[in-house]
Asker: 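Attaching a single structure in structure tokens format; questions to follow.
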Amino acid sequence: MRRLLRLAKTHDIKKGEVLIMKDQELNALLLILSGRARVEANGQQRAMLYPGDFVGEMSFVSRKPTSADVIAEEPLRYLVWEAETLEQLYVRDPEMKDALQSAIGMDMANKLAR
């Protein structure tokens with residue numbers, strides 16, 4: 001996990017800023033470190049995201065455009081892994097891909113359970 005964390009870049013945005021826009025092609029995986037973000041589709045709130053939640057993971061995994069907007073509810077700090085960086089890691093360490101996909105699956109299951 002330390003290797004994975006070293007590959008991430010930390011970003012910050014202010015309350016009200018858009019983290020992801022609907023129909024965006026997302027070539028990165030994001031993870032919230034602090035703050036909350038709301039997921040909106042067709043002008044309606046669909047979910048709230050919290051520290052420890054991945055953002056845009058469905059688009060990242062499916063390689064399809066994002067299905068919703070994600071907006072910071074408060075100042076937000078998050079990690080970003082570029083897809084290309086992760087692909088290079090997977091070549092060197094195929095088990096890392098399995099571990100990350102398992103974490104993404106657990107994250108999706110937790111969101112559905114909320």
Asker: With a 6.0 Å cut-off (strictly less than), is the heavy-atom count around CE of Met106, excluding the residue itself, greater than 12?
Answerer: no

Asker: May I ask you to decide if Lys64's main-chain N or O and Ser59's side chain share a donor-acceptor pair within less than 3.5 Å?
Answerer: yes

Asker: Can you give the donor-acceptor pairs under 3.5 Å from side chains of residues 80-90 to other protein atoms, not counting sequence neighbours?
Answerer:
residue	atom	partner	partner atom	Å
Trp81	NE1	Leu4	O	2.7
Glu87	OE2	Arg63	NH2	3.3

Asker: Per the salt bridge (Lys or Arg N to Asp or Glu O under 4.0 Å) rule, what does the pair list look like for residues 36-51, sequence neighbours excluded?
Answerer: Arg36-Glu74, Arg38-Glu40, Arg38-Glu73

Asker: Side-chain contact, heavy-atom cut-off 4.5 Å: Asn110 with Phe54?
Answerer: no

Asker: Count the heavy atoms belonging to other residues, nucleotides or ligands that lie under 6.0 Å from CE of Met108, then report whether that count exceeds 12.
Answerer: yes

Asker: Can Leu79 be reached from Ile104 by stepping across I, L, V, M, F, W or Y side chains whose heavy atoms are under 4.5 Å apart?
Answerer: yes

Asker: May I have all residue pairs that pass salt bridge (Lys or Arg N to Asp or Glu O under 4.0 Å) and include part of residues 97-107, sequence neighbours excluded?
Answerer: Asp107-Lys111

Asker: Can you name the nearest heavy-atom pair linking Leu76 to Gly35, along with the distance?
Answerer: CD1-C, 3.6 Å

Asker: Going by the rule ring-ring contact (aromatic ring centres under 6.0 Å, His included), which residues pair with Tyr78 if we only count those two or more places apart in sequence or in a different chain?
Answerer: His11

Asker: Mind checking whether Phe60 and Met58 sit in one hydrophobic cluster, side chains of I, L, V, M, F, W, Y counted as touching below 4.5 Å?
Answerer: yes

Asker: Considering residues at least two apart in sequence or located in another chain, which fulfil the salt bridge (Lys or Arg N to Asp or Glu O under 4.0 Å) criterion with Asp93?
Answerer: Arg3

Asker: Might you point out which heavy atoms bring Ala72 and Ile13 nearest each other, and give the distance in Å?
Answerer: CB-CD1, 3.8 Å

Asker: Could you check if a side-chain atom of Leu49 sits within less than 4.5 angstrom of a side-chain atom of Val55, using non-hydrogen atoms only?
Answerer: yes

Asker: Determine all donor-acceptor pairs shorter than 3.5 Å in which one atom belongs to a side chain in residues 14-25; sequence neighbours excluded.
Answerer:
residue	atom	partner	partner atom	Å
Glu17	OE2	Lys14	N	2.9
Gln24	OE1	Met21	N	2.9

Asker: Within a strict 4.5 Å, meaning less than it, do heavy atoms of the Leu29 and Glu57 side chains meet?
Answerer: yes

Asker: Is the shortest heavy-atom distance from the side chain of Asp69 to the side chain of Val39 under 4.5 Å?
Answerer: no

